[in-house]
Amino acid sequence: MSIVNWIKGEWDQPRVLWLNEGDLRLETDQIHSSLKATIDVRQAGKLTANTKPKRIFQGQTPGDAKGFVIDQAAHDELVAAGEGAVIHEWVAGGTDLINGKSRSYVIDIPEDDLTLATTRYPKTMQRLREMVMGPRLADAARQAQENAAILAANPRARVNTDKIGRAEYWWRHHRRRAEMIAAFEGLDHYLGIGRVTTPTRRMIVVPVPTHVRPGDLVSVVALDDTYSFGVVSSSIHKAWLDVRCSTLGVANRYTSSTVWDTFPWPQAPTAAHIDAVEAAAQKVLDVRQELFEAGSTLEQMYNAIRVEGRSALRSAHEILDAAVLNAYGFDSKADIVEQLFALNRTIAADEVVARGPGRPVPAT
């Protein structure tokens, strides 16, 4: 190894560390004698390629869940009444995704006109009148009273009117996520990730059919290709999550603005790279299906491989990690986060031809 261009005296320009045999350029305030940069991942920039079009969403927030979330008996009754169009299977959060919880359903009425909604779904609306309307109107009245007191003391004060607005459309979800539902158009499934994850366990990414509605404790990736499942399921993505996420106690929180929006995807994978990621990702799915048929839940599968020992699932993930690393062109012996950060900064500096999430057109 040779180091050139030593300069005596002060240097007021950024230090530059070249990674991956000169493929990645990383500006840093300081380079240690170990030739590792001092990086602050908080400086990673949001990447336009990741946000336009929008691919990640927080799941739905019904509010007043006892009225909207229903069991099998209520589902059967409403479907028998011909109102199945507004009844959907439901996963409330990450626990539902991975532990095989018994099935539940959610009411989701898109109409924003009371008369139209009542005409189309009379039995469903009757249930919501009985269980949702009263509490929402009461909340709105309390908020109006509180706001009146605040404005009487300070006419220029800013007041919250969310509960008042919610009462006007009491039969609709608090946050329906219409943009998310529109993004499902044409997809077979989406990728569900628990918004609260265990730091010491591999990230569990679950393909979920689009007819199943996610709750607000699910991060939703509106992509259904095997390549994307592979990249998101890899330890490379998990490494970025670990340093960019917010925390909730001892758990990690998958936050789209800090994790997804800044995560750089492979920029020049060849057809061979893409094929390798897809084959490895499919193997992970196949092994999981075999274990599921043997009676294991996803939670049990991934807890098991936290312990040393031979495991087909661990081996499948290790092969996937190697395939994703090759798609990036990263050095397996170098720090993964450092290389991701350098790639983020490179893309942020010139996003004209940047590749974002999803299966790419192979590089030639």
Side-chain angles (χ1 to χ4, degrees), residues 14 16-28 36-57 191 193 197 202-203 205 219 221-223 225-246 252-274 276-278 280-281 320-363:
V16 177
L17 182 64
W18 292 93
L19 307 172
N20 287 8
E21 299 183 352
D23 288 337
L24 288 174
R25 181 181 188 275
L26 178 59
E27 291 188 1
T28 179
K36 291 182 69 66
T38 300
I39 63 171
D40 181 359
V41 294
R42 293 174 298 179
Q43 300 303 314
K46 289 188 178 182
L47 304 176
T48 302
N50 288 28
T51 59
K52 295 180 180 179
K54 185 174 174 63
R55 295 296 186 194
I56 192 164
F57 305 88
L191 304 179
I193 306 167
T197 63
R202 276 189 174 271
M203 199 166 73
V205 182
S219 289
V221 178
L223 293 168
D225 61 279
T226 310
Y227 175 84
S228 294
F229 169 82
V231 173
V232 176
S233 297
S234 70
S235 62
I236 291 84
H237 186 221
K238 174 67 161 57
W240 193 250
L241 164 68
D242 287 342
V243 297
R244 287 286 302 175
C245 69
S246 59
N252 287 345
R253 295 190 65 181
Y254 195 104
T255 47
S256 60
S257 60
T258 57
V259 180
W260 179 269
D261 292 354
T262 62
F263 177 67
W265 284 63
Q267 293 300 292
T270 64
H273 288 140
I274 295 168
V277 171
E278 289 178 332
L320 174 61
D321 290 342
V324 173
L325 197 71
N326 286 337
Y328 275 99
F330 282 175
D331 182 351
S332 62
K333 297 179 181 179
D335 185 272
I336 296 298
V337 170
E338 193 173 90
Q339 293 177 89
L340 286 169
F341 181 72
L343 183 56
N344 170 278
R345 303 314 299 142
T346 299
I347 296 170
D350 183 9
E351 294 203 57
V352 175
V353 294
R355 295 175 185 252
R359 191 185 193 278
V361 176

Taking C-beta and beyond as the side chain, do [X] and [Y] meet within less than 4.5 Å on heavy atoms?
| X | Y | value |
| --- | --- | --- |
| R355 | P266 | no |
| V231 | F263 | yes |
| Q43 | F341 | yes |
| S219 | S256 | no |

Donor-acceptor pair, distance only, cut-off 3.5 Å: does the side chain of [X] make one with the backbone of [Y]?
| X | Y | answer |
| --- | --- | --- |
| D261 | T51 | no |
| R244 | W260 | no |
| N344 | G45 | yes |
| T262 | V259 | yes |
| K54 | I56 | yes |
| E351 | T48 | yes |

Can you tell me how far [atom2] of [Y] sits from [atom1] of [X], rounded to the nearest 0.5 angstrom?
| X | Y | atom1 | atom2 | value |
| --- | --- | --- | --- | --- |
| S235 | L325 | OG | CG | 7.5 Å |
| L340 | H237 | CG | NE2 | 9.5 Å |
| I193 | M203 | CD1 | CE | 4.5 Å |
| W265 | L343 | CH2 | CG | 12.5 Å |

Sequence neighbours excluded, which residues qualify as side-chain contact (heavy atoms from CB on, under 4.5 Å) partners of [X]?
| X | result |
| --- | --- |
| A348 | L47, R345 |
| A281 | T226, F229, L320 |
| A268 | A363 |

